[in-house]
Amino acid sequence: MLTINVALLLAVIVFFRLRRRTEARSRFDEKLTVVTVLALGILLAPTPVGQGILNVLEQMAGGVTQASR
C-alpha cells in the first residue's frame, strides 16, 4: 500500500507555487499560498524536523539580540 506524507506533499506544492513570478499572482493565489504554508507549518511543528528548525531560529534570534547590545 502506498502512503503519502502530507507534509512532504505540501512542501512540494509550496515549492512550485513560490517558483512562479510574483507579477502573475492574483490575490486569491497569494491567499492560497499563505494558507498552504500555514498548514505545512502546523504539520511540521510537532515533528523532530520542526523542533530542529525552531531551535535554529531561536539561536539566530539570540545571536541577533546579543549583537545589537
Side-chain angles (χ1 to χ4, degrees):
M1 177 180 226
L2 177 68
T3 59
I4 298 174
N5 186 343
V6 178
L8 179 63
L9 180 63
L10 281 175
V12 170
I13 291 170
V14 167
F15 174 76
F16 283 112
R17 289 189 63 80
L18 292 178
R19 283 186 51 203
R20 295 187 349 194
R21 295 180 53 148
T22 54
E23 294 87 16
R25 292 187 189 159
S26 66
R27 285 183 183 229
F28 177 76
D29 254 357
E30 289 182 357
K31 288 178 185 177
L32 183 62
T33 301
V34 168
V35 169
T36 307
V37 169
L38 285 174
L40 178 63
I42 290 170
L43 288 174
L44 283 180
T47 65
V49 172
Q51 295 300 314
I53 293 170
L54 178 63
N55 289 337
V56 168
L57 291 175
E58 285 176 345
Q59 290 176 0
M60 287 175 53
V64 169
T65 302
Q66 291 293 334
S68 66
R69 289 184 186 176

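Excluded from the calculations below are hydrogen atoms, water molecules and symmetry mates; all remaining heavy atoms, backbone and side chain alike, are included. The first residue of the sequence shown is numbered 1, and numbering continues consecutively from there.
Of all the heavy atoms in A7 and L40, the pair that sits closest is O-CD1, 3.2 Å.
Looking at residues two or more places apart in sequence or on another chain, you find no side-chain contact (heavy atoms from CB on, under 4.5 Å) involving I42. The side chain to side chain donor-acceptor pair (under 3.5 Å) test applied to T36 returns no partner, not counting sequence neighbours.
The stretch residues 6-18 participates, sequence neighbours left out, in these side-chain hydrogen bond (donor to acceptor under 3.5 Å, both in side chains) pairs: R17-D29, R17-T33.
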Using distance only, find each side-chain donor-acceptor pair of residues 44-64 under 3.5 Å and give its atom names and separation, not counting sequence neighbours.
| from | atom 1 | to | atom 2 | distance (Å) |
| --- | --- | --- | --- | --- |
| T47 | OG1 | L44 | O | 2.6 |
| T47 | OG1 | G50 | N | 3.2 |
| Q51 | NE2 | A45 | O | 2.8 |
| N55 | ND2 | Q51 | O | 3.4 |

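Side-chain heavy atoms closer than 4.5 Å link hydrophobic residues (I, L, V, M, F, W, Y) into clusters, and following such links, possibly through other members, connects L18 to L43.
Here L38 sits in one hydrophobic cluster together with V34; the rule is ILVMFWY side chains under 4.5 Å apart, joined directly or through other members. Counting side-chain heavy-atom gaps under 4.5 Å among Ile, Leu, Val, Met, Phe, Trp and Tyr, the cluster of F16 also holds V12, F15.
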